[in-house]
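In what follows, a single structure is set out as structure tokens and then discussed.
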Amino acid sequence: MISSSRPGTALYVSNELAFELPAGSFEDLTVHALEAPLPGGHVVGLLVTRAAIPADSGLADAVRAHVEAEARRLAFHHVIERRERLVAGSAAIEVISRWAHRGLTLHAREIHLADSGVRLTFSMTAPADLQAVSDEYFDHLVSTLDLGHR
């Protein structure tokens, strides 16, 4: 997280460290990557990312652009479902998709939220045949999400 510090500088703070940067020179594109083991030597991956929402668009436009970028980047990417829902008391967009990588079909669920002009994305991915386990983790994450915890 980048916050104000001394004049002309910004303070970047993470769990383990803090340092100063020239004010206004960096955009916070924090990525948190976590994974947990699944049967068969597979993993379920969780990516938590943040990206600025362009001033002339909203969350729906930012999510649409994200999904289009994923479709260009990921082999055989297709959206199964896109829906609006409430998460942590805020409007959110959930996207469920699949794609292929190294002969494996992957299943992903994403929640996109807007917070102070930033799109926060929570994306969980696992092999499609382990979707039930991945969905259980994802549903738990969403049910415990607290945007006010800072």
Side-chain angles (χ1 to χ4, degrees), residues 1-4 10-18 21 24 26-150:
M1 169 178 44
I2 297 176
S3 62
S4 61
L11 183 65
Y12 183 88
V13 179
S14 76
N15 289 346
E16 294 82 17
L17 53 88
L21 298 165
F26 289 86
E27 178 182 357
D28 186 351
L29 299 173
T30 301
V31 175
H32 298 278
L34 299 96
E35 54 183 38
L38 291 175
H42 296 290
V43 297
V44 58
L46 171 64
L47 283 180
V48 181
T49 62
R50 57 180 286 129
I53 297 173
D56 60 343
S57 68
L59 179 62
D61 292 332
V63 171
R64 187 177 308 104
H66 168 78
V67 169
E68 289 170 356
E70 293 291 87
R72 287 189 301 273
R73 187 177 73 82
L74 302 169
F76 304 107
H77 181 272
H78 62 280
V79 173
I80 296 168
E81 183 179 356
R82 180 195 179 280
R83 65 186 174 120
E84 295 179 7
R85 60 182 286 190
L86 281 178
V87 174
S90 296
I93 297 173
E94 180 174 1
V95 177
I96 302 171
S97 62
R98 290 210 172 167
W99 71 90
H101 181 68
R102 296 184 179 173
L104 192 62
T105 300
L106 297 167
H107 172 81
R109 284 179 68 187
E110 296 179 333
I111 286 290
H112 302 265
L113 298 145
D115 183 43
S116 303
V118 172
R119 176 177 52 91
L120 301 171
T121 301
F122 302 83
S123 179
M124 188 161 284
T125 305
D129 61 341
L130 296 169
Q131 174 184 340
V133 177
S134 177
D135 284 349
E136 200 173 309
Y137 281 131
F138 188 81
D139 290 337
H140 179 76
L141 175 151
V142 171
S143 72
T144 61
L145 192 59
D146 178 4
L147 293 174
H149 186 79
R150 300 182 200 262

| request: Mind running side-chain contact (heavy atoms from CB on, under 4.5 Å) on Ile80 and Arg98 for me, showing each step along the way? | output: CA-CA 7 Å; Ile80 296 168; Arg98 290 210 172 167; 3.4 Å; yes
| task | Starting from the C-alpha separation in whole Å, work towards a yes-or-no answer on side-chain contact (heavy atoms from CB on, under 4.5 Å) for Asp135 and Arg109. | result | CA-CA 8 Å; Asp135 284 349; Arg109 284 179 68 187; 2.9 Å; yes
| said: Using side-chain contact (heavy atoms from CB on, under 4.5 Å), reason through Leu120 and Val48 one step at a time and then give a plain yes or no. | reply: CA-CA 7 Å; Leu120 301 171; Val48 181; 6.0 Å; no
| task | Could you please spell out the steps behind the salt bridge (charged side-chain N to carboxylate O under 4.0 Å, His left out) verdict for Glu94 and Arg82? | result | CA-CA 6 Å; Glu94 180 174 1; Arg82 180 195 179 280; over 6 Å; no
| request: Output, in order, the C-alpha distance, side-chain angles, deciding distance and verdict of side-chain contact (heavy atoms from CB on, under 4.5 Å) for Val31 and Leu47. | output: CA-CA 7 Å; Val31 175; Leu47 283 180; 4.0 Å; yes
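When side chains are defined from C-beta on, Thr49 does not count as touching Thr30, because their heavy atoms never get closer than 4.5 Å. Taking the side chain as every heavy atom from C-beta outward, Leu74 and His101 never approach each other to under 4.5 Å. Within the 4.5 Å cutoff, side-chain heavy atoms of Leu147 are placed close to those of Leu113. Considering only heavy atoms from C-beta on, Ser57 comes within 4.5 Å of Ile53 through its side chain. Residues Tyr137 and Leu38 are in side-chain contact: their nearest non-hydrogen atoms beyond the backbone lie under 4.5 Å apart. For the pair Val63 and Val95, the minimum side-chain heavy-atom distance is below 4.5 Å.
Closest of all the heavy-atom pairs between Phe122 and Phe138 is O-CE1, 3.7 Å. Of all the heavy atoms in Val13 and Ala18, the pair that sits closest is CG2-CB, 4.2 Å. Residues Ala92 and Val87 approach most closely at CB-CG2, 3.7 Å, considering heavy atoms. Taking all atoms of both residues into account, the shortest heavy-atom contact from Pro39 to Leu130 is O-CD1, 3.8 Å. Minimum interatomic distance between Ala108 and Trp99 (heavy atoms only, all atoms of both residues): CB-CZ3, 3.4 Å. Minimum interatomic distance between Leu106 and Thr125 (heavy atoms only, all atoms of both residues): CB-CG2, 4.0 Å.
The main-chain N or O of Asp28 is found under 3.5 Å from a side-chain atom of Arg50 such that the two form a donor-acceptor pair. For the pair His78 (side chain) and Phe76 (backbone), a donor-acceptor distance under 3.5 Å is present.
Put simply, OG on Ser90 and CG on Asp115 are 7.0 Å apart, with the number rounded to the nearest 0.5 Å. A distance of 3.5 Å separates CZ in Arg119 from OG1 in Thr121, rounded to the nearest 0.5 Å. Distance CG/Leu141 to CD1/Ile111: 9.0 Å, rounded to 0.5 Å. With values rounded to the nearest 0.5 angstrom, Arg85 atom CZ is found 5.0 Å from Arg83 atom CZ. To the nearest 0.5 Å, atoms OG (Ser123) and CD (Glu70) are separated by 7.0 Å.
Under 3.5 Å, the side chains of Glu110 and His112 contain a donor-acceptor pair of N or O atoms.
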